[in-house]
Protein chains: 2
Amino acid sequence: MSVPLYQAKAEMFRTLGHPVRIRVLELLQDGPKPVRDLLAEIDVEASNLSQQLAVLRRAGIVASFRDGALVMYALSTPDVADLLAAGRRILGAVLTDRDGLLVELRAQRR
Amino acid sequence: MSVPLYQAKAEMFRTLGHPVRIRVLELLQDGPKPVRDLLAEIDVEASNLSQQLAVLRRAGIVASFRDGALVMYALSTPDVADLLAAGRRILGAVLTDRDGLLVELRAQRR
DNA sequence: GCTCAGCTTGCAGACTTCTGCAAGTCGGCA
DNA sequence: TGCCGACTTGCAGAAGTCTGCAAGCTGAGC
């Protein structure tokens with residue numbers, strides 16, 4: 001294999017590792033949206049958003065097409081929603097663990 | 001919220017965005033393992049592996065404990081396995097799409 | 001107490017990624 | 001045809017990540 005599988009996986013996760021890109025994917029979960037709508041919700045420079053969209057496009061995670069005067073973006077596969085959900089679950093588990101530790105630490109008075 | 005949720009999510013995904021860290025997590029899916037075993041399977045400098053383990057530890061994705069002379073690492077939550085599985089599914093979807101496009105491109109003779 | 005295996009930490013140089021500004025492209029419409 | 005809104009591209013400086021070498025730490029066993 002020219003690019004080992006685990007490297008491809010790492011690249012995919014890295015692609016998701018940016019606040020703007022996460023926001024975009026979350027917004028696209030409800031269906032295709034034009035760039036202008038994303039821009040209205042995300043509060044970032046247009047050029048920056050465009051760069052981040054390009055990253056997602058290159059990774060094959062979203063697809064774009066033109067609809068009249070607007071450029072629309074959509075998730076390339078609904079599996080992305082699962083990934084985000086799994087991420088949320090882990091975040092939840094990690095944060096409760098952390099709080100648990102916090103409580104433990106307090107209990108030990110240290 | 002001091003750290004917006006989507007930023008925390010982005011950080012989590014970024015944490016997974018490294019070949020060595022992905023390998024570690026895959027290996028740990030089968031249960032806790034000492035560093036020396038990971039080192040034997042991953043082919044990377046000990047110091048490098050240690051750095052990557054520290055990244056995962058800081059993110060709360062793995063936990064470490066000592067067992068005799070060895071330092072053991074384990075997934076902090078089994079949810080991590082779900083995330084990896086979801087990642088695999090998307091990668092599969094994206095790659096088939098890409099092949100699909102490839103076929104299309106060939107069909108158009110371009 | 002010493003020594004050694006098994007890890008971790010501290011760096012620094014090479015390399016990537018991020019961000020905003022300025023400029024460019026592309027349809028749609030008057 | 002010319003103009004305008006809607007995006008995208010090209011940079012370049014700032015910031016962050018990665019890697020290996022050398023040094024440090026910490027139990028276990030003698």
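Bear in mind that the values here come from a model prediction, so they are computed numbers and not experimental data. Note on naming: letters A, B, ... go to the chains in the order of the sequence lines (proteins, then strands), and numbering restarts at 1 for each one.
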* Quick one: are B:Leu70 and B:Asp37 in side-chain contact, heavy atoms under 4.5 Å? -> no
* Asked: Can you check whether A:Arg21 has a side-chain N or O nearer than 4.0 Å to OP1 or OP2 of C:dC18?
  -> yes
* How many angstroms lie between atom OG1 of A:Thr15 and atom CD1 of A:Ile22, to the nearest 0.5 angstrom? -> 10.5 Å
* Asked: Is a side-chain donor or acceptor of B:Arg21 paired with a backbone partner of B:Leu56 at a separation under 3.5 angstrom?
  -> no
* Using 4.0 Å as the upper bound for N to carboxylate O, is an ion pair formed by A:Lys9 and B:Glu26? -> yes
* Indicate yes or no for a side-chain donor-acceptor contact from A:Ser50 to the backbone of A:Ala46 under 3.5 Å, with no hydrogens or angles considered. => no
* Structure fact -> Note: contacts of residues 54-71 of chain A with DNA chain D (heavy atom, under 4.0 Å) are A:Ala69, A:Leu70, A:Val71
* To do: Applying side chain to side chain contact (heavy atoms under 4.5 Å, CB included) between A:Leu28 and each of A:Ile61, A:Leu75, A:Val80, report the one that passes.
  => A:Leu75
* With respect to the phosphate group of D:dT8, does any side-chain polar atom (N or O) of A:Tyr73 fall under 4.0 Å of OP1 or OP2? -> yes
* **Contact residues, residues 33-53 of chain A to DNA chain D [heavy atom, < 4.0 Å]** => A:Val35, A:Arg36, A:Ala46, A:Ser47, A:Ser50, A:Gln51
* Hey, what do you get for CE (A:Met72) to NZ (A:Lys33), rounding to the nearest 0.5 Å? -> 8.5 Å
* Gap separating the CG atom of A:Leu39 from the CD atom of A:Glu45, nearest 0.5 angstrom -> 9.0 Å
* Grab the NE2-C1' distance between A:His18 and D:dA15 for me, whole Å please. => 12 Å
